Student: 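Before I ask anything, let me first share the structure, which is written out below as structure tokens.
Each residue takes its place number in the sequence, starting with 1. Computed from a prediction, not measured in an experiment: that's the story for all the values here.
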Amino acid sequence: MATTGPRMALAALAALGATAVFTAPANAAPYGNDIYVSSEAHIAPDGTIHLFGEYRCTAPSPSGAVQIKATIEQEDVRLSIGGGDAQCDGAVHDWSAHGTLRLTPTVHAGEALARAELQEIHFGGGLLPRSIDTVAQDSRPVRVTDHR
């Protein structure tokens, strides 16, 4: 069976499109969603750790909400910190998250890894979420400063 010029061109275009979709960076922000975590973190005198940065997101689906999740990792310790609800209006907003070190006292001044995620939470009619999708993420080394 002979392949015509238009069919060959269409097949090549489809292959090129599939390659572009499957080679997009893992942290590429779909639909204008983006989050950035600062390269600094602070331990306050009361023993809470603070992470902060900026985000931008578009409106979630009608059955969902968008929240910020922040995590700090240092040596063998990982501490997840809720950053609260995101205001998804397409504008850039500051975010901050803080959590106690009471259960993770080994977090200290020095180098660590911080992650921030925008998570869209989909509800299915009950109190529990039906699914949680990460719509944007950032990860970078941070310098933790201890003010205790």
Side-chain angles (χ1 to χ4, degrees), residues 9-148:
L10 185 58
L13 185 59
L16 182 60
T19 301
V21 168
F22 292 113
T23 59
N27 64 350
Y31 312 112
N33 298 314
D34 199 13
I35 192 164
Y36 166 78
V37 61
S38 176
S39 60
E40 297 179 13
H42 304 282
I43 300 174
D46 66 357
T48 57
I49 189 159
H50 297 265
L51 296 171
F52 49 93
E54 295 180 333
Y55 72 92
R56 177 177 51 90
C57 58
T58 57
S61 68
S63 65
V66 177
Q67 293 186 337
I68 298 166
K69 175 187 171 189
T71 305
I72 189 151
E73 296 178 27
Q74 191 177 54
E75 297 157 7
D76 292 336
V77 175
R78 177 184 296 170
L79 176 63
S80 290
I81 306 168
D85 293 333
Q87 180 179 348
C88 294
D89 58 6
V92 175
H93 298 278
D94 293 330
W95 66 268
S96 65
H98 61 276
T100 181
L101 296 179
R102 188 175 64 244
L103 299 176
T104 54
T106 58
V107 175
H108 56 82
E111 296 297 316
L113 178 68
R115 287 193 172 92
E117 297 179 9
L118 280 176
Q119 296 183 328
E120 185 170 358
I121 302 168
H122 304 277
F123 296 97
L127 295 176
L128 297 176
R130 182 186 63 202
S131 67
I132 299 174
D133 297 320
T134 298
V135 296
Q137 61 185 354
D138 185 29
S139 177
R140 71 183 63 243
V142 296
R143 166 132 328 263
V144 178
T145 307
D146 194 336
H147 298 284
R148 290 182 278 189

Student: Might you point out which heavy atoms bring Leu118 and Cys57 nearest each other, and give the distance in Å?
Tutor: CD1-CB, 3.9 Å
Student: Nearest 0.5 angstrom please: Ile81 CD1 to Lys69 NZ, how far?
Tutor: 11.0 Å
Student: Taking the side chain as every heavy atom from C-beta outward, state whether His108 and Gln74 have any pair of such atoms under 4.5 Å apart.
Tutor: yes
Student: Measure the shortest side-chain to side-chain distance between Ile72 and Val144 over non-hydrogen atoms and say whether it is less than 4.5 angstrom.
Tutor: yes
Student: Do the side chains of Ser39 and Arg143 get nearer than 4.5 Å, heavy atoms only?
Tutor: no
Student: Any non-hydrogen side-chain atom of His147 less than 4.5 Å from a side-chain atom of His42?
Tutor: yes
Student: CZ of Arg140: more than 12 outside heavy atoms within 6.0 angstrom?
Tutor: yes
Student: Please name all residues satisfying side chain to side chain contact (heavy atoms under 4.5 Å, CB included) with Gln67, sequence neighbours left out, ordered by chain then number.
Tutor: Asp85, Ile121
Student: Applying side chain to side chain contact (heavy atoms under 4.5 Å, CB included), name anything that partners Ala116, two or more places apart in sequence or on another chain.
Tutor: Ile35, Val37, Trp95
Student: If you look at every heavy atom in Leu113 and Ser139, which pair is closest and at what distance?
Tutor: CD1-OG, 3.6 Å
Student: Using side-chain heavy atoms (C-beta onward) and a distance below 4.5 Å, is Ile43 in contact with Thr48?
Tutor: no
Student: Is a side-chain donor-acceptor pair under 3.5 Å present for Asp133 with His122?
Tutor: yes
Student: Taking only residues two or more places apart in sequence, or in another chain, which ones meet Glu40 in a salt bridge (Lys or Arg N to Asp or Glu O under 4.0 Å)?
Tutor: none
Student: Rounded to the nearest 0.5 Å, what separates atom CD in Gln119 from atom OG1 in Thr134?
Tutor: 4.5 Å
Student: For a quick test of reading the model, state the closest non-hydrogen atom pair linking Pro141 to Glu111 and the distance between them.
Tutor: CB-OE1, 4.5 Å
Student: Atom CG of Leu103 and atom CG of Leu79: how far apart are they, to the nearest 0.5 Å?
Tutor: 9.0 Å
Student: Could you tell me which non-hydrogen atom of Leu51 sits nearest to which non-hydrogen atom of Ala114, and how far apart they are?
Tutor: CD2-CB, 4.2 Å
Student: If I take atom CG from residue Asp46 and atom OG1 from residue Thr100, how far apart are they, to the nearest 0.5 angstrom?
Tutor: 7.5 Å
Student: Name all residues meeting the side chain to side chain donor-acceptor pair (under 3.5 Å) criterion together with Arg102; count only those two or more places apart in sequence or in a different chain, and write none if there are none.
Tutor: none
Student: Just jot down the side chain to side chain donor-acceptor pair (under 3.5 Å) partners of Glu54, sequence neighbours excluded, or say none.
Tutor: none
Student: Considering non-hydrogen atoms only, spot the tightest contact between Val77 and Val107 and give its length.
Tutor: CG1-CG2, 3.9 Å
Student: Taking only residues two or more places apart in sequence or in another chain, which ones pass side chain to side chain contact (heavy atoms under 4.5 Å, CB included) with His98?
Tutor: His50
Student: Applying side-chain contact (heavy atoms from CB on, under 4.5 Å), run through Cys88 and Thr58 and close with a yes or a no.
Tutor: CA-CA 5 Å; Cys88 294; Thr58 57; 5.7 Å; no
Student: Working to the nearest 0.5 Å, report the span between CD of Gln87 and CD1 of Ile68.
Tutor: 10.5 Å
